[in-house]
Amino acid sequence: MRFRVRKTAHVFERVGLAMAGAACGLFVGAYVGSAIAPLTTQGFLLLMMLLGFVGFYLGIDTPQLPFDDAHSAIDAAELLSAAGTLCATLTALASVAIIVLRLEPHILWSWFALFGWIAGVAMQIVGGTKARTRKQG
């Protein structure tokens, strides 16, 4: 019984983090879509939210290497996931600030936000997938 409760709590936590990622994707999509006319579509917003959902579900709370293996090498999956989380959330924070403060930065900032978001969630997805598929020893 106790194992099932812990497992359920873990799933709730991961789904909550994934929803936070989807919300971040929505903010980045809203900012980028408002600045780059061809990206002002519902499909673009849904894609950004889906990337955030998957990235934050896989990329946060990755299984770490056991301590006996940790001294010999850097945990690339953990580092990639952490860097991706920082990049994605920083991009989302900047996007929210631009929307809320009604700023109108140069169009290059919009492209920077788009590529920063994609790079961040890609790092989360790759790092999280790598951490979950490696051989547990």
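Hydrogens, waters and symmetry mates play no part in the numbers below; they use all other heavy atoms, side chains included.
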Spatial distance of atom [atom1] ([X]) from atom [atom2] ([Y]) [nearest 0.5 Å]:
X     : Y      : atom1 : atom2 : answer
Glu78 : Lys130 : CD    : NZ    : 12.5 Å
Phe56 : Ile125 : CZ    : CD1   : 10.5 Å
Ile60 : Arg14  : CD1   : CZ    : 9.0 Å

Considering only residues two or more places apart or on different chains, which pairs with a residue in residues 24-40 satisfy salt bridge (charged side-chain N to carboxylate O under 4.0 Å, His left out)?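 Applying salt bridge (charged side-chain N to carboxylate O under 4.0 Å, His left out) to every pair that reaches into residues 24-40, excluding sequence neighbours, yields nothing.
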I need the minimum non-hydrogen distance between Asp75 and Arg134, along with the two atoms involved.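 Here Asp75 and Arg134 meet closest at OD1-NH1, 2.8 Å.
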Donor-acceptor pair, Ser110 side chain versus Val32 backbone, under 3.5 Å?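 No: the side chain of Ser110 does not pair with the backbone of Val32.
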Considering only Ile, Leu, Val, Met, Phe, Trp and Tyr, and joining two whenever side-chain heavy atoms are under 4.5 Å apart, list the other residues clustered with Leu46.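 Members besides Leu46: none; it forms no cluster.
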Tell me who clusters with Leu80, hydrophobic residues only, linked when side chains sit under 4.5 Å apart either directly or through other members.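 When side chains under 4.5 Å apart are linked, the cluster holding Leu80 also contains Met123, Val126.
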Applying side chain to side chain contact (heavy atoms under 4.5 Å, CB included), can you list everything that pairs with Ala18, at least two apart in sequence or on another chain?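 Here the qualifying residues are Phe53, Tyr57.
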If you define the side chain from C-beta out and look only at heavy atoms, does anything of [X] sit under 4.5 Å from [Y]?
X      : Y     : answer
Leu45  : Leu26 : yes
Val121 : Val54 : no
His10  : Arg6  : no

Under 3.5 Å, sequence neighbours excluded: what are the donor-acceptor pairs made by side chains of residues 83-104?
{"unit_1": "Thr85", "atom_1": "OG1", "unit_2": "Ser81", "atom_2": "O", "d": "2.9"}
{"unit_1": "Thr85", "atom_1": "OG1", "unit_2": "Gln124", "atom_2": "NE2", "d": "2.9"}
{"unit_1": "Thr89", "atom_1": "OG1", "unit_2": "Thr85", "atom_2": "O", "d": "2.7"}
{"unit_1": "Thr89", "atom_1": "OG1", "unit_2": "Leu86", "atom_2": "O", "d": "3.3"}
{"unit_1": "Thr91", "atom_1": "OG1", "unit_2": "Cys87", "atom_2": "O", "d": "2.8"}
{"unit_1": "Ser95", "atom_1": "OG", "unit_2": "Thr91", "atom_2": "O", "d": "2.9"}

Look at atom CZ of Phe112 and say whether more than 12 heavy atoms of other residues, nucleotides or ligands are closer to it than 6.0 Å.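 No, CZ of Phe112 has 12 or fewer neighbouring heavy atoms, counting only those of other groups under 6.0 Å.
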Is there any ring-ring contact (aromatic ring centres under 6.0 Å, His included) pair reaching into residues 16-39, and which pairs are they, with sequence neighbours excluded?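 Counting only pairs at least two positions apart or across chains, no ring-ring contact (aromatic ring centres under 6.0 Å, His included) contact touches residues 16-39.
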